[in-house]
Amino acid sequence: MKFVHLSDLHIGKVVNGFSMLEDQKYILNEILGIIDVQKPDAILIAGDIFDRGIPPESAINVADDFFGELLERKLPILAISGNHDSAVRISFNSGFMRKSGFYMTSNLAGDIGPITLTDEYGPVNFWLLPYIQPFMVRKAFPDDEFDGYSGAVETVVRHMNIDKKQRNVILSHQYVEFSETSGSEESAVGTINCIGQKIYDDFDYVALGHIHKPATLAPNHMRYCGTQLSYNFSSHDLKEKTLTVVEMGPKGSVEIKEIPLHPLHAMRTVFGTFDEIMNLAASEDYLKVTLHDEQEIPNVMNELRSRFPNVMHLEYDNTRSRRTAVVEARKKALELHPAKLFAEFYENMSNHPMTEEQEKIVDALVREIWEGEKE
């Protein structure tokens, strides 16, 4: 059985003020062309179909067109919701969609069963596990005791009662241990949401979503397909994007193939003085520009965009900017109470402020450390 593994479409995403919708339409059409050549038996989408819980109408239309094209090709779609999706909204009319071959799972229920497709080697069971947090699992399985994200996922998998003699595939949108992020994912504090790899040991293939950098984890049946477009100027996210195609033979036989994708606009960084950059060939690529000029250039963004209309980000890297950055960092560190510095760091990493209880714990630790230094 052959299937295409997609995830993290993030339809409707805006990067540095630029809508990525046209780029997404373009890459989805390219994916349809590859599908026509590869002729898979199913399409897997491992979460984050949309970039926001309430996507704009334009994003919904792009997704609707793409899914409609897949269904016209008589291809079953097996999809789960991710942490960016609204579980309630994305599962609207799911009963009707199943009759058309679109299987969407966005919430947990006590009765967890697979979607089973068959080929010449027999059944393949697809288990759809949407993005979950511990409180969701406690609600679905109130009699089970567990700790943290890893314990929550392990609890759900245990309730699946899979037949290990058959071929089993799971779709999961979580952060699995030893995964390397690309810089464009939603941040978490430390490894609080990290999932152990062994939880997925009994599956023949694990179609993962959430991490934007493509990676096949050990053992080789566990894979993040990554995003289909670059959404960040980190070195990881600027690498060539690919489409993951998986072919399953009899039990124990799994082959993974990566097919290069070609975006409408490349995303890249350029460095140099203003004159050096303006002498480069004109381009509509998405650019991050780093200027080395010691003096600021008047009206610099308009000047750059006259030749490179899609400059997304501009910064200076010179003697003054480096000195200013060091001075500002030192000044802030001296002026702010350590507990305040930690609170800012926490909010930057988690996208939400600390609770009152967490603030009390940090304050107590800071007092204990400072008193120890004074002694």
Side-chain angles (χ1 to χ4, degrees), residues 8 47-48 51-53 81-88 106-108 129-159 172-200 208-213 217 224 232 234 236 324-375:
D8 297 275
D48 280 355
D51 191 57
R52 288 187 281 167
S81 58
N83 56 302
H84 279 252
D85 298 312
S86 166
V88 173
S106 61
N107 51 49
L108 291 176
L129 178 60
Y131 174 73
I132 58 173
Q133 294 176 277
F135 79 89
M136 302 172 184
V137 181
R138 291 191 179 97
K139 183 178 179 181
F141 304 104
D143 297 330
D144 288 69
E145 294 184 4
F146 59 86
D147 291 320
Y149 279 74
S150 197
V153 175
E154 185 177 22
T155 296
V156 177
V157 170
R158 186 174 66 250
H159 278 274
S172 184
H173 191 93
Q174 305 288 158
Y175 172 45
V176 178
E177 62 181 349
F178 309 127
S179 304
E180 189 175 3
T181 63
S182 72
S184 58
E185 301 88 352
E186 186 172 290
S187 301
V189 179
T191 57
I192 188 172
N193 61 345
C194 188
I195 308 301
Q197 288 189 14
K198 289 188 67 63
I199 292 171
Y200 302 102
L208 293 168
H210 188 50
I211 301 300
H212 292 182
K213 178 186 177 183
L217 308 179
Y224 284 105
N232 184 276
S234 71
H236 291 318
T324 301
V326 171
V327 170
E328 289 298 321
R330 288 176 177 171
K331 182 180 178 182
K332 189 172 186 178
L334 289 171
E335 291 179 350
L336 284 181
H337 188 275
K340 291 288 187 182
L341 281 172
F342 184 84
E344 285 192 9
F345 169 76
Y346 180 94
E347 186 165 354
N348 285 335
M349 295 299 293
S350 65
N351 293 323
H352 60 79
M354 295 170 62
T355 64
E356 186 176 343
E357 182 180 359
Q358 289 171 327
E359 289 178 350
K360 290 179 180 177
I361 293 171
V362 172
D363 283 337
L365 286 171
V366 169
R367 284 197 302 271
E368 182 181 339
I369 293 169
W370 256 241
E371 288 171 3
E373 286 185 354
K374 289 177 183 178
E375 294 176 358

How long is the gap from [atom1] on [X] to [atom2] on [Y], to the nearest 0.5 Å?
| X | Y | atom1 | atom2 | answer |
| --- | --- | --- | --- | --- |
| N83 | I132 | CG | CD1 | 12.5 Å |
| T155 | I199 | OG1 | CD1 | 8.5 Å |
| K213 | Y224 | NZ | OH | 12.5 Å |

Under 3.5 Å, side chain of D48 to main-chain N/O of H84, donor-acceptor pair present? yes
Whether Q197 side chain and V176 backbone form a donor-acceptor pair below 3.5 Å: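 A pair under 3.5 Å: no.
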Side chains of Q174 and H210 in contact at under 4.5 Å (non-hydrogen atoms):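 Contact flag for Q174/H210 side chains = no.
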Of the non-hydrogen atoms in S81 and P130, which two are nearest, and what is the gap between them? OG-CB, 3.5 Å
Partners passing side chain to side chain donor-acceptor pair (under 3.5 Å) against S106 (at least two apart in sequence or in another chain): S91
Which residues pass the side chain to side chain donor-acceptor pair (under 3.5 Å) test with S172, not counting sequence neighbours?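 With neighbours one apart ignored, the set is Y200.
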Which pairs of donor and acceptor atoms, one on a side chain in residues 133-144, lie under 3.5 Å apart (sequence neighbours left out)?
{"from": "Q133", "atom 1": "NE2", "to": "Y149", "atom 2": "OH", "distance (Å)": "3.2"}
{"from": "D144", "atom 1": "OD1", "to": "H159", "atom 2": "NE2", "distance (Å)": "3.2"}
{"from": "D144", "atom 1": "OD2", "to": "R158", "atom 2": "NH2", "distance (Å)": "2.7"}
{"from": "D144", "atom 1": "OD2", "to": "H159", "atom 2": "NE2", "distance (Å)": "3.2"}

